[in-house]
Amino acid sequence: MQEALLAVTDLSYSYRERQAVRAASLQCRRGAILGLLGGFTGTMTFAGAAFRPAGDAAMRSRLGLVPQELALYDDLTARENLAFFARFQGLDAAATATAVARGLELAGLVDRQNDRVKTFSGGMKRRLNLAIGDLHGHELLLLDEPSVGVDPQSRNHLFESLRTLRSAGRTLIYTSHQMDEVQRLCDRVAVMHEGRVVASGTTAELAARAGTPDANLEQVFLSLTGRSLRDEA
Amino acid sequence: MNLFSASVCIAQKDLRLFFRDRTGMMLGLLLPIALVTVFGMIMKFAFGGSSGMPKVAVWVVDADGSDASAKFVRGLRELGMLSVLPRAGEPAIDAAMARALVLDGEAHHAILVGKGYGEALAAGKEPPITVVRDPGRAMEARLVGIGLMQATMAAAEGKSMPWLLASMMRRQGMSEAGAERVQASMLLVQNVIDRFVAGDAELKDAAATPANGFDMASIFEDMVPVVREDVQPPARPKNLNHQLAQSVAGMTVMMLMFGLMACSVTLLQERDQGTLRRLLVSGAPRASLLFGKFLFCIAVGLLQLAIMFVYGELVFGVGTFRDPLTLVVLAVTWAAAATAFGMLIAVWAGTPKQAEGLSTMLILVMAALGGCWFPIQVADLPWWADVVTHATLTHWAMTGFQGMFWHQKGVLDPTMVRAIAVQWGFVAVATMLAWRVWRRRFTAG
């Protein structure tokens with residue numbers, strides 16, 4: 001078994017007087033994609049909190065983020081966006097050039113690199129959003145609903161890119177409300193409910209645990225977390 | 001990445017975005033120029049060149065149409081303090097129209113020259129003149145009064161003093177007999193003056209000739225013998241008046257605050273568009289975001305000031321570049337102070353709309369109290385208003401810029417040192433507060 005990049009035991013975390021994570025324990029292997037289900041507060045906060053104990057820049061430098069928002073500058077070109085974030089993350093000129101070239105490849109935007117982002121389609125922006133998150137080659141990449149609102153081709157490109165990153169030994173934590181995506185992409189899945197990790201494993205393991213071996217991930221999720229409305233942010 | 005490099009990186013990115021939005025940039029840079037132009041022109045023309053005297057617009061209706069009334073109107077036109085309407089070549093108005101103009105607020109004063117003006121003046125009697133006025137315009141009324149006296153003396157060719165004094169004494173309650181004695185006595189004086197004006201050698205002192213010749217119209221101004229001593233910096237441009245310097249400095253100070261507020265709000269935009277979170281997890285020092293914005297705003301502020309000063313110099317000749325060191329110190333100081341103000345408002349406000357609303361209110365209030373719109377420094381304010389005025393950031397900026405433009409003071413002058421020190425003190429306090437709020441509101445969690 002591969003070593004665990006992220007190992008969390010009994011983690012609790014409050015944010016703005018709200019208990020976002022409650023005594024959660026989780027492991028994530030290096031070079032795997034971990035699907036984390038349960039809304040942003042319960043998932044990304046959990047992942048962020050896992051890196052928080054040290055809380056310093058050195059720890060943050062191991063963490064890449066692909067936020068749900070298109071965290072891009074619309075009036076900069078794709079190349080300028082990549083170059084700015086690369087430089088801001090501390091890459092020197094040579095490393096920036098390399099990272100920008102790799103990012104453009106990853107996003108499939110080599111031909112449009114000098115176009116302003118505001119002229120891009122939603123899918124192109126999503127791909128660039130992912131490429132910026134990966135600029136530094138962080139060990140762990142947090143992806144928050146990276147495929148929201150994209151066309152099937154762009155979604156497919158995104159998934160291929162994520163698999164490429166996994167093949168390169170990168171560890172990804174992937175959150176989404178699209179259960180089929182998670183089932184299709186992730187090696188393991190952790191289900192969070194009310195700040196707790198209520199189950200984790202492969203889809204098959206979770207289905208078995210829920211007592212519905214033939215169920216898909218959405219049915220398993222509903223079985224584990226109940227059918228009442230979830231109003232978490 | 002260290003704090004400085006990361007801050008420079010942020011500033012470079014924001015400058016690139018600033019220059020890329022060309023329409024926004026042009027508006028940001030041209031709007032202040034437009035305002036300086038409008039206010040500068042108003043001040044330059046309304047206050048009559050370098051004299052610093054305001055010009056009061058007065059409508060004149062000449063119902064007499066005599067040579068004397070025409071001379072009277074011409075006398076009014078030649079006064080620097082009045083702008084007489086209608087101008088030459090424009091259609092005349094009648095008394096009813098003049099009253100309507102004053103009533104509607106289109107004019108503040110109208111002078112109605114009645115029929116018989118010329119005859120009355122020739123006979124040494126009170127000529128029929130009516131001044132239609134808005135009673136709320138007391139300051140202008142005094143100027144109109146002075147103008148009336150001077151124009152009347154010009155129309156009467158220096159022979160108006162006897163009846164003027166007699167008339168004045170009647171209004172003070174003197175009996176008709178007393179007023180006639182005053183007029184008779186003054187006629188004797190008038191005769192002596194007439195002989196003097198005519199060049200009677202017996203009355204002339206060859207050694208004492210007035211520089212501008214005999215001027216009956218302004219004789220009352222010189223009635224009290226005083227020695228006039230002009231005290232002003234030798235390097236002050238000749239065509240600069242106080243209102244113009246006030247206008248250029250005031251609009252520059254105020255518009256920089258608006259401009260840099262817009263730049264500071266980019267911090268909130270980073271949050272709203274999601275880039276803030278990405279930057280915060282980047283591993284770069286978190287303070288670099290705030291200080292990068294600070295550098296960006298100062299750079300834009302200096303650019304805006306440079307454009308404004310070059311424009312002010314080229315168009316109005318305010319003497320901007322007489323003392324480059326003082327100019328640079330004041331510009332950097334005000335850019336930093338306005339940036340600190342903008343950053344504090346930006347981090348304190350919850351949204352760009354809140355920041356814009358709050359800053360607009362504060363900037364306008366500070367601009368008014370600090371003397372950006374009119375020279376409040378010379379106003380006789382109650383003590384509490386004086387304290388409030390001194391508490392505004394704009395007051396100290398105006399003290400600095402007016403010190404440089406008008407008083408031609410250098411950076412080491414105690415007044416300037418104090419103004420600069422107060423602004424840097426604000427920069428320190430506001431930046432510290434902004435940093436604390438920034439950490440609490442933007443980087444927590």
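Just so we're on the same page: letters track the sequence lines, and every chain starts at 1. Predicted, not measured: the structure shown is a model, and the values here were computed from it.
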Does the pair A:E80/B:R20 count as a salt bridge with the N-to-O cut at 4.0 Å? yes
If I compare all heavy atoms of A:F88 with all of B:C9, which pair ends up nearest, and what's the gap? N-SG, 3.8 Å
Distance only, no hydrogens: is a donor on one side chain within 3.5 Å (strictly under) of an acceptor on the other, for B:Q269 and A:Y73? no
Any chance CG of A:D111 has more than 12 other-residue heavy atoms, nucleotides or ligands included, within less than 6.0 Å? no
Write down the atom of B:R16, the atom of A:L76, and the distance for their closest heavy-atom approach. CD-CD2, 3.4 Å
Any side-chain heavy atom of A:F84 sitting closer than 4.5 Å to one from B:L279? yes
If you compare all heavy atoms of A:P67 against all heavy atoms of B:R277, which two are closest, and at what distance to 0.1 Å? CB-NH1, 4.2 Å
Does CH2 in B:W348 sit with more than 12 non-hydrogen atoms of other residues, nucleotides or ligands closer than 6.0 Å? no
Check: A:N129 main-chain N/O paired with B:R278 side-chain donor or acceptor under 3.5 Å: yes
Exceeds 12 heavy-atom contacts within 6.0 angstrom, atom CZ of B:R436: no
Per-residue contact mode, A:L70 against chain B (heavy atom under 4.5 angstrom): backbone
Under a 4.5 Å heavy-atom cut-off, does chain B meet the side chain of A:L72, its backbone, both or neither? both
Looking at A:A71 and B:G274, what are the two nearest heavy atoms and their distance? CB-O, 3.3 Å
Quick check: are there more than 12 heavy atoms from other residues, nucleotides or ligands sitting under 6.0 Å from CZ of B:F19? yes
